[in-house]
Amino acid sequence: AQKVTQAQTEISVVEKEDVTLDCVYETRDTTYYLFWYKQPPSGELVFLIRRNSFDEQNEISGRYSWNFQKSTSSFNFTITASQVVDSAVYFCALRTPSGYALNFGKGTSLLVTP
Amino acid sequence: NAGVTQTPKFQVLKTGQSMTLQCAQDMNHEYMSWYRQDPGMGLRLIHYSVGAGITDQGEVPNGYNVSRSTTEDFPLRLLSAAPSQTSVYFCASSRTRSDEQFFGPGTRLTVL
């Protein structure tokens with residue numbers, strides 16, 4: 001069975017602070033894909049990143065970075081120098097070749113205050 | 001490309017009424033899915049399709065029907081609406097099983 005756990009329900013930071021959102025996954029498949037999505041207050045779901053299980057390189061995109069560690073089954077997301085526009089709910093998700101859709105975590109609500 | 005479109009954006013139903021939520025994509029994606037989002041629950045899969053004419057149940061299929069007569073369209077039917085179906089519904093599509101899914105803007109449904 002596939003499962004994604006986002007233990008942090010809500011996080012509140014002050015602008016310019018760094019913040020890390022945790023994601024732990026479970027799967028028996030050796031090939032799988034991990035994703036992060038952002039859901040701003042307007043409600044749409046915005047794709048951020050896709051990572052396959054064979055690529056453990058960390059990725060950086062501007063202020064965003066992702067740390068994928070198979071040894072701990074984690075795919076954590078860090079926002080550096082957070083901004084008010086980063087306020088959103090962030091979802092981690094897992095997809096496997098044997099599955100047909102995404103398994104989502106319950107999301108972490110991030111509030112960045114000025 | 002319009003991407004994934006959903007109509008309507010908002011809908012209020014009375015218990016027992018039926019309706020269809022529309023979803024269309026113009027990216028020629030084979031895989032399409034319907035999710036519902038409830039507070040504190042994340043997104044849960046209702047039904048999915050791996051191509052025209054092929055559909056299957058997800059995690060929470062009861063009370064919903066789907067069909068896929070064309071690659072582009074994947075409507076979700078509520079047969080007899082219940083208050084427990086009050087939720088935000090998202091349609092999504094992807095090119096393959098391993099690709100990211102692209103989501104529509106969502107339909108906020110309230111059942112009284």
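Within every chain, numbering begins at 1; the chains are lettered A, B, ... in the order of the sequence lines, protein sequences first and strands thereafter.
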Original post:
To which residues is B:Phe102 joined in a hydrophobic cluster, defined by side-chain heavy-atom contacts under 4.5 Å among Ile, Leu, Val, Met, Phe, Trp and Tyr, whether direct or through other members?
Top reply: B:Val4, B:Met27
Subject >> Same apolar cluster (I L V M F W Y, side chains within < 4.5 Å links), B:Val50/B:Ile46 >> reply: no
Under 3.5 Å, which donor-acceptor pairs link chain A to chain B? Give each pair on its own line with the distance.
| residue | atom | partner | partner atom | Å |
| --- | --- | --- | --- | --- |
| A:Tyr37 | OH | B:Gln101 | N | 3.0 |
| A:Tyr37 | OH | B:Gln101 | O | 2.7 |
| A:Gln39 | OE1 | B:Gln37 | NE2 | 2.8 |
| A:Gln39 | NE2 | B:Gln37 | OE1 | 2.9 |
| A:Arg50 | NE | B:Ser98 | O | 2.8 |
| A:Arg50 | NH2 | B:Ser98 | O | 3.4 |
| A:Arg95 | NE | B:Arg97 | O | 2.5 |
| A:Arg95 | NH1 | B:Ser94 | OG | 3.1 |
| A:Arg95 | NH1 | B:Arg97 | O | 3.4 |
| A:Arg95 | NH1 | B:Asp99 | O | 2.7 |
| A:Arg95 | NH2 | B:Ser94 | OG | 3.3 |
| A:Pro97 | O | B:Arg97 | NH1 | 2.4 |
| A:Tyr100 | OH | B:Arg97 | NH2 | 3.2 |
| A:Leu102 | N | B:Tyr35 | OH | 2.9 |

Original post:
When clusters are formed by joining ILVMFWY residues with side-chain heavy atoms under 4.5 Å apart, either directly or through shared neighbours, do A:Ile49 and A:Leu94 land in the same one?
Top reply: yes
**OP:** Identify which part of B:Leu45 has an atom lying under 4.5 Å from any heavy atom of chain A, answering side chain, backbone, both or neither.
**Re:** side chain
**OP:** Verify the cluster assignment for A:Phe104 and A:Val24: are they in a single hydrophobic cluster under the rule of side-chain heavy atoms below 4.5 Å apart?
**Re:** no
Original post:
Is A:Leu110 linked to A:Phe75 within one hydrophobic cluster, defined over Ile, Leu, Val, Met, Phe, Trp and Tyr using a side-chain heavy-atom separation of less than 4.5 Å?
Top reply: yes
**OP:** Indicate if A:Val4 and A:Leu102 have the same hydrophobic cluster label, given that clusters are the connected sets of ILVMFWY residues with side-chain heavy-atom separations under 4.5 angstrom.
**Re:** no
